[in-house]
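Read the structure below first, then the notes.
Labels below follow one simple rule: chain letters A, B, ... track the order of the sequence lines, proteins then strands, and each chain is numbered from 1. The model shown is predicted, which means the values in this text are computed figures rather than measured ones.
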There are 2 protein chains.
Amino acid sequence: MHIDDKHADCCDENVVHDDLIHLVADDMPEEEELYDLAELFKVFGDTTRIKILYTLFKSEMCVCDIAEVLGMSQSAISHQLRVLKQAKLVRNKRDGKQIIYSLDDVHISKIISMGLEHVKE
Amino acid sequence: MHIDDKHADCCDENVVHDDLIHLVADDMPEEEELYDLAELFKVFGDTTRIKILYTLFKSEMCVCDIAEVLGMSQSAISHQLRVLKQAKLVRNKRDGKQIIYSLDDVHISKIISMGLEHVKE
DNA sequence: TGTTTATATGAATAATTGTTCATATGTTTA
DNA sequence: TAAACATATGAACAATTATTCATATAAACA
């Protein structure tokens, strides 16, 4: 009763629960890995960025055209492209005055289409 | 030159770009669907919620035990479980005094493991 | 029935974030 | 070289959000 009694007033007398708690807690992935994972999904968690990714599925495109497709300011798009690039979801190359953006990850479309399946239910 | 000249000073003379813009813009999914998709990913975009989902992969569990596994307050966990439930990612059932939470979607583990693949690269 | 236990929830606060505006950087063209 | 164009970026502001604290709800038990 006194051994393994970590928490004071909640689920207290249940030894089975305590076993389960340690079992699950010990198997939790690294803090940093979970943080990175959450950061990745955070990037998908914005309509503008989702639209940009959708756009780049179709074709690589310069910043100005992406802004035109989405009907948003060049600055707003540029800021979001930076976020996407930091997450290694897009890459860019220069073509004269323009910077051409394209998708930089094979998992993206799978992740998104899987999310869509869930949403559509 | 005057026809199809939607934007004033950017990518202006390039008719090919204008074609591309309309092609891509017309194929964009419904605003509401994209919004829902972003909302779904937003739910994954928090370390606490990711940890809760990871925990529930292992086993269904009462609120108090989840709080214990994560070393967080019961209130914080309860708030987050509500978010997860609204997103239909978890469900609950009553068992006496306790409420037992479990995963409520087959896509979740696929989505998360795919995200992990990307992060690990 | 009254007390204890487990969970939920509203309000408040601190932190994060998306867009706008102004401007800087870097390339092309006249 | 100067002007025009495409993109990037810092600061500011508004909006959203995760946690805490206090308290409400609801079941179990004495």
Report yes if the side chains of Leu89(A) and Leu40(A) come closer than 4.5 Å at any heavy-atom pair, otherwise no. yes
Taking side-chain hydrogen bond (donor to acceptor under 3.5 Å, both in side chains) as the test, write out the residues that go with Glu33(A), two or more places apart. none
So does Tyr101(B) get a side-chain nitrogen or oxygen closer than 4.0 Å to the phosphate oxygens (OP1/OP2) of dA8(C)? yes
Side chains of residues 70-84 of chain A: which donor-acceptor pairs under 3.5 Å do they make with residues two or more places apart or in other chains?
{"from": "Ser73(A)", "atom 1": "OG", "to": "Ala76(A)", "atom 2": "N", "distance (Å)": "3.0"}
{"from": "Gln80(A)", "atom 1": "OE1", "to": "Arg49(A)", "atom 2": "NH1", "distance (Å)": "2.7"}

Show which side-chain atoms of residues 51-58 of chain B pair as donor or acceptor with protein atoms under 3.5 Å away, not counting sequence neighbours.
{"from": "Lys51(B)", "atom 1": "NZ", "to": "Glu31(A)", "atom 2": "OE1", "distance (Å)": "3.0"}
{"from": "Lys51(B)", "atom 1": "NZ", "to": "Glu31(A)", "atom 2": "OE2", "distance (Å)": "3.3"}
{"from": "Thr55(B)", "atom 1": "OG1", "to": "Lys51(B)", "atom 2": "O", "distance (Å)": "2.8"}
{"from": "Lys58(B)", "atom 1": "NZ", "to": "Asp27(A)", "atom 2": "OD2", "distance (Å)": "2.1"}

Using atom CD1 of Ile66(A) as one end and atom P of dA6(D) as the other, report the distance to the nearest whole Å. 14 Å
Length of the CG-P vector between Asn92(B) and dA6(C), whole Å: 17 Å
Where along nucleotides 21-30 of chain D does protein come under 4.0 Å, by heavy atom, of base (B) or sugar-phosphate alone (S), with - for untouched nucleotides? BB----SS--
Measure from the side-chain heavy atoms of Ser78(B) and tell me the nearest of dA8(D), dT7(C), dA18(D). dT7(C)
Checking Glu39(B) now: which residues fulfil side-chain hydrogen bond (donor to acceptor under 3.5 Å, both in side chains) with it, not counting sequence neighbours? Lys42(B)
What residues 34-61 of chain B contributes to the DNA chain C interface at heavy-atom separation below 4.0 Å is none
Distance, rounded to the nearest Å, where Gln86(B) contributes CD and dA18(D) contributes P: 12 Å
Does a side-chain N or O from Gln98(A) land closer than 4.0 Å to OP1 or OP2 of dT28(C), or not? no
With sequence neighbours left out, write down each residue that passes side chain to side chain contact (heavy atoms under 4.5 Å, CB included) with Ser102(B), or none if nothing qualifies. Glu60(B), Arg91(B)
Residues that Lys85(B) engages under side chain to side chain contact (heavy atoms under 4.5 Å, CB included), provided they are two or more places apart: Val90(B), Asn92(B)
Axis-to-axis angle across the helix from dT1(C)-dA30(D) to dA30(C)-dT1(D), five pairs each end, nearest 10 degrees, ~ 20°
Who passes side chain to side chain contact (heavy atoms under 4.5 Å, CB included) against Lys97(A), sequence neighbours left out? none
Would you mind reading off the distance between Ile77(B) atom CD1 and dA8(C) atom C1', rounded to a whole angstrom? 14 Å
Residues in ring pair (Phe, Tyr, Trp, His ring centres under 6.0 Å) contact with Phe41(B), at least two apart in sequence or another chain: Phe44(A)
Distance, nearest 0.5 Å, that separates CG of Leu37(B) from CD1 of Ile111(A): 11.0 Å
Mind checking whether Ile108(A) and Ile100(A) sit in one hydrophobic cluster, side chains of I, L, V, M, F, W, Y counted as touching below 4.5 Å? no
Quickly work out the Gln80(A) CD to dT16(C) P distance and round it to whole Å. 17 Å
Can you check whether Ser73(A) has a side-chain N or O nearer than 4.0 Å to OP1 or OP2 of dT20(C)? yes
